[in-house]
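Down below is the structure, laid out as structure tokens.
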Amino acid sequence: METGIRIDYTNTLDSIDTDQMEAARDRIIEAQRLLHSGAGPGSDFLGWRDLPEKARESLHTVTEVAARIREMADVLIVVGIGGSYLGARAVIEALRSPFETEGTTVLFAGHHIDGGYLRGLLESCADRRVCVNVISKSGTTTEPALAFRVLRRWMEERYGADEAARRIFATTDAQHGALRRLADEKGYTTFEIPDDVGGRFSVLTPVGLLPIAVSGIDVGALLDGAASMRTIAVKDDADSNPALRYAMLRDALYRQGLSTEILASFHPCLAYVTEWWKQLFGESEGKDGKGIFPAAVTNTTDLHSMGQYIQDGERRLFETFLHAEHAVSDMTVPGADDNTDELDYLVGRTFSEVNAHALDGTARAHRGGGVPNATILLPDITAASLGALLYFFEYAVALSGYALGVNPFDQPGVEEYKKNMFALLAKPGHEKRREELLAQSGDNRNNIAG
Ligand code: PA5
């Protein structure tokens, strides 16, 4: 099956010699064996591999409930953080125009702790029919739990307890967690997050599929795209498998000390795909003192802010461009009465053509400036291509993590800030750490200027 996704790595070839590429290939092939055998670390969390097919089992229910929400609501508020919202947001923002006014709009809450945002969101919904989809695998994460406490009360006051319960949908663990208990008690419609799928790999479960379907996107096509990529990604031939090649390039460049990767999209609608990618790669690789730091920019916008550093700053960078070869919607540069703006040389050419040349010019310039770069070429920005791209990245990060010698499927580091936050907020059970932190803050107060 074809996905049309290709990777052009011409601009890395003067940085990676044949021996380095071969060595990277050996490490990535070994990682692939580990992934396929299920014998690597984190093997309890390999359920994502089968989701392109497995997710079809619940697809009917997902699309049925999505259709119900679309009838009942002008707005669906999705409450979640990290892997419980980024995938849905990435796909929706890629495929649904920000100027679209038809259909149900999906808004997001619970992905930070900013009361002003939540107040503004509720005020904007005052005259609109609302449903809520609260998503948390653990069912105990503070940010979405806080936002949902506010939203639940708002919904119950507005609609009454019974109608609110009909309009609230919970996506969580089948058995455990405070959200599961609350959902069962209140009688919300629920969706389960499989035990063997981690948060950042969950976009092809109801975590991502329900909000994506509510926004009117063809989730079947998304899964088809992912399934096509799966058949390619499992091959051990780097010339026909772009995921394998991408993992090889990252491995070879990291081992030369290039410890930051910039994912640079040339389409603003992919800005949340790059956010999703940052979480996927950052949480999967960044541990045990190792890992490539994932950064992202949207071009050409950020060429006017980050472009200077990338061209000319400290040389620890490599870059991966993300570009769609065919525009689903486009414009042609019109003629003008005069050529005062000096743009007549572009008349009759499409914005896509101009954008493609901007990418080419940037890639050559950055290569010249000592930033090796590759380009992931998407055939277009459609549900099928995005499904393939999501699976491409999931598969590549699993290979990269194993080649690095880390468990790509855990995230022990994210617990530290939570423990401090709970202690500082005087949450019962965190007394000892609270004492330690308060003793430290006595010292800190001497180090604040202004
Ligand atoms: O990838 C992960 O596991 C995390 O980023 C989680 O998705 C995030 O912390 C949210 O967790 P939960 O869904 O349990 O609320």
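Just follow the structure's listing: the first ligand is 1, and inside any ligand the first atom is 1. Residues take their numbers from the sequence shown, with the count starting at 1.
- If you check the side chains of S400 and R250, you find a donor sitting under 3.5 Å from an acceptor.
- The immediate protein surroundings of ligand 1, defined as residues with any heavy atom under 4.0 Å of it, consist of I81, G82, G83, S84, S136, K137, S138, T141, G199, R200, Q279, E283, Q411.
- Other residues, nucleotides and ligands contribute at most 12 non-hydrogen atoms within 6.0 Å of the CZ atom of R153.
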Between V91 and Y272, does a side chain to side chain contact (heavy atoms under 4.5 Å, CB included) hold up when you go through it step by step?
CA-CA 8 Å; V91 175; Y272 261 87; over 6 Å; no
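- Remark: L263 CG to W276 CH2 distance equals 10.5 Å, nearest 0.5 Å.
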Got a list of side-chain donor-acceptor pairs under 3.5 Å for residues 37-46, not counting sequence neighbours?
from, atom 1, to, atom 2, distance (Å)
S37, OG, R33, O, 3.2
S37, OG, L34, O, 3.0
S37, OG, A39, N, 3.1

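- For D26, the CG atom is densely surrounded, since the number of other residues' heavy atoms within 6.0 Å is greater than 12.
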